[in-house]
Structure formats: structure tokens, C-alpha cells
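Proteins get letters first, then strands, A, B, ... in listed order; numbering begins at 1 in each.
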Amino acid sequence: MMQGRKTFVAWLQAAPMMVVFSVFFLLPLLLVTIVSAWDYNEYEMIPAFSLRGYSDTFEGCIADLPNLCTILKTYLKTLKLCLLTWCLTLLIGFTVAYFLAFHVRSKTWQIVLTLLCTIPFWTSNVIRMIAWIPLLGRNGLVNRGLEGVGLIRQPLEWLLFSEFSVVLALVHLFTFFMVVPIFNSMIRIDKRLIEAAYDAGATGWQTLVNVVIPLAKPGIVIGSIFVITIVMGDFVTIGVMGGQQIASAGKIIETRLNALQFPAAAANAVILLGITILIISALTRIVDVRKEL
Amino acid sequence: MNEKRSRSFYLLAAFFTAYVLFLYGPMFAIYILSFQGPDGGLTFPMNGVSLVWFGKVFSGSGIVDIAAAFRRSLQLGLVVMVLTVVLSVSAGLAFRRSFRGATFLFYVAIASLIMPSIITSLGIALEFRLLDDFVIKSGATDWTTAMGLFTSGLGAHLTWTLPFGLLIMFAIFNRFDSRLEEAARDLGATPWQTFWHVVLPIILPSVVGIGLFGFTLSWDELARSSQTIGPVNTLPLDLQGLTTTVTKPDIYALGTLTSAVSFLVIFLALVVILVLQARQRRHGSDAGKGLV
């Protein structure tokens, strides 16, 4: 009786959060899936089964073979940007986390340096993006500097509003999402394991590959999930830093939405969701994420 | 490990320093450039030093109504903050016992955290659109929309802040000494008294942290707001709109201002957390003081 009452109270305490997620997350996702199979015209969506949203999306794909149609090119481009960002954030994030976890000895310094990395995270993403403009622009610091030392005659045009600037901004914005989970896994590694590896004659590199990386794997996977899902769905960074010239999966959805083609937008969202789920489930095969939280 | 440390340590320290410079360098560039003189442009070198561009932002001349967007973002951020704290603490308490659907709620929170924002945003927009269509078809002719800052917008922000709040609560209760509660119960405290006089004061610093997270996440939130906020804009949305049209440093001034608000909120929250912790140490023992 007492036990039943307690679980009922617990259930009541959790209910408000469940309600918010139901109304603003689960139901919307369900609606996206349903509406993606609706018909539409220029003005409204029509609640009748139609796969027009999907067929419009892949319009001309078969006719264009062997050339890739726009939508496939866009997804490949998004995947490419995602892969580049993932590699870079992983390399940088791992190195930074490794330094913080194994080389910074005092707890206080660890906290101070971690905070130092956290502070920029509190500034709006848009501001951190536009911050690159005075550096990378035509008359920006980088071009001026390179011209000053005589390395180039003409300003480099590919620095800003290009794939380069998109990846740079994404790395700038999201490396922190790699640092935190990897750092968390690393500080849980028993230092004696590393001492043991050294005593057994392992080189620094061998210890890293055979001891540290396997034990930090959960953090690597969690960080990767964060970065990959953010970049796959991103339309703001790619929009602003690509000078609104680079198409991406998220951008397609946004464009369809602005044209009020809801079923088409929903169809694209379902495709994007499918790809994201595929990537995540592949990643979670590697480790049991739940155990690590 | 010691004898090998020096070389790799300095290499890694250099790498870390480079990373920090990479993080901060661009941001400081725009903070500095927002103080350009009246003839200054978007790039270095500085053309005089002035507060002209901040004045432009506040007077609203040239660009959109910043003051209104500022107010809206602030209001929304505060409401999100309060709801995030209340709902997260409540759910955090629930997760200390097992209840039906605990695993499900946990996975939903995680899914909400990693769902690409544009999909969540689209879903909520669709939901409200269908609701509007339904209401209009039911005969409410003067109905415009249920979409707005404190309906769809608020919901969209909560799907982003609540997972963070919940995960922080897990971290708090992982190292919470439940013997303190048992002691309170043994002394005859009701569950509510136990929470109010024992649990809450102990977890309060971290709860302030959740509020801080809630506010700043909402304050800077852009992707989820983009389709759900209704006819008005929040500050990040305005800022994003300006990136394509504005070619003067007022956009930097606006950036510097929003950063300043973020930092102010964080600073205040840290002060509150430190004061609370100091108080906890001072009043660590309530022995002999009685409670009610």
C-alpha cells in the first residue's frame, strides 16, 4: 500500500515533464510522419494519402541517371560536411580532453581550464559565426596578413562563404560537444591501468591505442552522436557561413517550409530522421550508451 | 609516466593553447570591432573608437526593433528558466524511485536532445497549423493562430532545455546522501517538510545551475525557434536575419550586447551559487536550532 502510494507520487512528479515531451516532441514527430504522406497544393495541405512529398523530393532522379539529381547531391554534400566536421572535432576534442584528463594534475586547474573552454559555449551561435567575418572576409585579417607578408597578391575568395568557412565554423561551434563526454570517460579511467601498461613496456602510442582509446570509447560515441546529429540537421550555420549558397538537408526542409509546402518539408524531415537514426544505431552498436550516463 | 611527461606535456599544452585562441580569437574580434568609429566598417583596422553602433542598436534606426525582440527573448528565457527548474527537479525526484515509464521518459528526453532541431521545429509548427485549421473549420471565423511566443515557442524551447535539466538532476542525485532524508523522517518530518527543509537546501546550488542552463539555452536558441515562434522574432532570429542584410558594425554591437547579457546572467548565477554554498558551510549543522 505504502509502496504503491510512493510509486504513484513518483509517477505524478514525472508526469509534467512527460506531458511537455508528449505535446511538443512525440506528437509533433508523429504528425511529421503522417503529414509527409499527405497531398498538397500551393496554398494548403490536403489530408489525403499521397506520396507527392516524396516523389517531388526525388523528382528526376531516375531520369538523370547516371548523374546525381539535386536532392542526392545535397545529401552527399551534407554527409561530406558532416564527415569532415566529425573527423576534425573528434581529433581536436580527443586531444584537448586527453590533455585535461591526463596532463593537468590539479583538480582546480582542471576546473579552471574546462570552464575556459565552456565560456564561449554561452555566446549565441550566430555571434560566434559572424565573428569569423572580420577575419576571413575579402579585406579580413587573414587576407591582409597574407598579402602583408607577400604570400598572395589577390585576396583569397574561398576563405568566406565557402565549404571551408562552413566546416571551420562548425568545428568552432561544436568541438566542445566532443570534449565534455570524452573528458568524462577519461577521468574515470583508473590511472593504475596506464602505469601498468608502462611497466609492461608499452610505448606511449601503444598505451594510447590499446588502453586509453578503448576505455574512452563511450565518450567518443556520445560526442560523435551529438556532433553528427547537429550537423546533419543544421541549416543555420551552413546558411550563414555558406553565404546562403550551399544546400544542405536542413536547408531543404527550411526552404520547403518557407514555401508553405508542409508535406514536402515533412517528407524531407522523415528522410533526414531515417538517416540520423541509421547513423546513431550504428554508433550505439559499438557501446551501450545508457550505461555511461 | 613522469620521465616522459615533459615533451608530450608541452606539445599538448601548446595544442590546448591554440584551441583556446581559436575559440576566443574571433569572438574578441567582434567585441572590439563593435566599438568602431562612425566611419568604421566590418573589418580591421579600427576607424576610430566610439559607442555609435550601440546607440544605433538602441534607437532602432536602420535595423529591426531590437528593443522589442530583446524584451521578448528575456521574457521567454525567464519563463523557460522557471519551468525547466520546476519540471526537472520534480522529474529528478521521481527518477530516484522506479515508476512505470521511467525508461521510456529517459529515452524520450535523450531523443529530444539529439533530434535535429529542424525536425522538432517543423513538427511543432505542423501541430499548431493543424490545430488552427481545425479551430477555423469548427467555425471560429476570427481565429488567427494559437502559435506564439508562449505556446509553440515555449514548447519548442522546453524540448531543448528539459533534457539538460534532467541529466543535471541525475548527476545531483547520484551523489546525494539519502541518510539525511531518513534522519528527517525519523524525526517526524512529512515528505514535504523533508523536501523543503532538507533536500532542497542541499541541492539548491545545482538547481540554480539548472536555471542558468535553462535561461542561456533559451536566450541563444535559434534553430528550434525558427518555425515555432509565430509572427514575432526573438533576438537570435533577428540577429540571423541581419547577417544577410546588414553591412555595418551595428550587428557586432548587437552581438556584443547579447553576449554581455549571457555573461551577466552567468555571473549572477555563479554569485548566487557561491553564496548558497558558503551559507551551507556556515549553517552546516542545525543541531539545537529546531526547525519550525
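Only the side chain of F15(B) comes within less than 4.5 Å of a heavy atom of chain A; its backbone N, CA, C and O stay farther away. At a 4.5 Å heavy-atom cutoff, the contact between T276(A) and chain B is made by side-chain atoms alone. Heavy-atom distances place both the backbone and the side chain of L168(A) under 4.5 Å from chain B. Contacts of T216(B) with chain A are made by side-chain atoms alone, with heavy-atom separations under 4.5 Å and no backbone atom involved. With a 4.5 Å cut-off on non-hydrogen atoms, I119(A) touches chain B through its backbone and its side chain both. With a 4.5 angstrom heavy-atom cutoff, I230(A) does not touch chain B via any of its atoms. For a residue to count as touching a neighbouring chain, one of its non-hydrogen atoms must lie under 4.5 Å from one of that chain's; by this rule L239(B) touches chain A with backbone and side chain alike. Both the backbone and the side chain of L113(A) come within less than 4.5 Å of a heavy atom in chain B. At a 4.5 Å heavy-atom cutoff, the contact between Q227(B) and chain A is made by side-chain atoms alone. Using a 4.5 Å cut-off between heavy atoms, F28(B) does not touch chain A at all. Residue contact with chain A, scored on non-hydrogen atoms closer than 4.5 Å, involves the backbone and the side chain of L105(B) alike. If you measure heavy-atom distances from I34(A) to chain B, you find no contacts under 4.5 Å at all. Both the backbone and the side chain of M18(A) come within contact range of chain B, each with at least one heavy atom under 4.5 Å from a heavy atom of that chain. Neither the backbone nor the side chain of N268(A) comes within less than 4.5 Å of any heavy atom of chain B. If you measure heavy-atom distances from M129(A) to chain B, you find no contacts under 4.5 Å at all. Neither the backbone nor the side chain of A18(B) comes within contact range of chain A; no heavy atoms are under 4.5 Å apart. Heavy-atom distances place both the backbone and the side chain of A111(B) under 4.5 Å from chain A. Proximity to chain B (any heavy atom under 4.5 Å) is shown, for T175(A), by both the backbone and the side chain. The contact between P163(B) and chain A is made by backbone and side chain atoms together, counting heavy-atom distances below 4.5 Å.
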Audit row: R256(A), L122(B), side chain to side chain contact (heavy atoms under 4.5 Å, CB included) steps and yes/no: CA-CA 10 Å; R256(A) 294 285 194 173; L122(B) 162 68; over 6 Å; no
Derivation of the side chain to side chain contact (heavy atoms under 4.5 Å, CB included) call for F176(A) and L23(B): CA-CA 10 Å; F176(A) 188 68; L23(B) 274 186; over 6 Å; no
Mind running side chain to side chain contact (heavy atoms under 4.5 Å, CB included) on I119(B) and L29(A) for me, showing each step along the way? CA-CA 8 Å; I119(B) 298 179; L29(A) 275 190; 3.7 Å; yes
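The number of heavy-atom neighbours closer than 6.0 Å to CZ of F150(B), taken from other residues, nucleotides and ligands shown, is above 12.
Not a single donor-acceptor pair under 3.5 Å links the side chain of T229(A) to the backbone N or O of M115(B).
Screening Y98(A), F99(A), W109(A) for a ring pair (Phe, Tyr, Trp, His ring centres under 6.0 Å) involving F16(B) leaves a single residue, F99(A).
Top candidate by heavy-atom pairs under 4.5 Å with chain A, chosen from T120(B), L87(B), L158(B), is L87(B).
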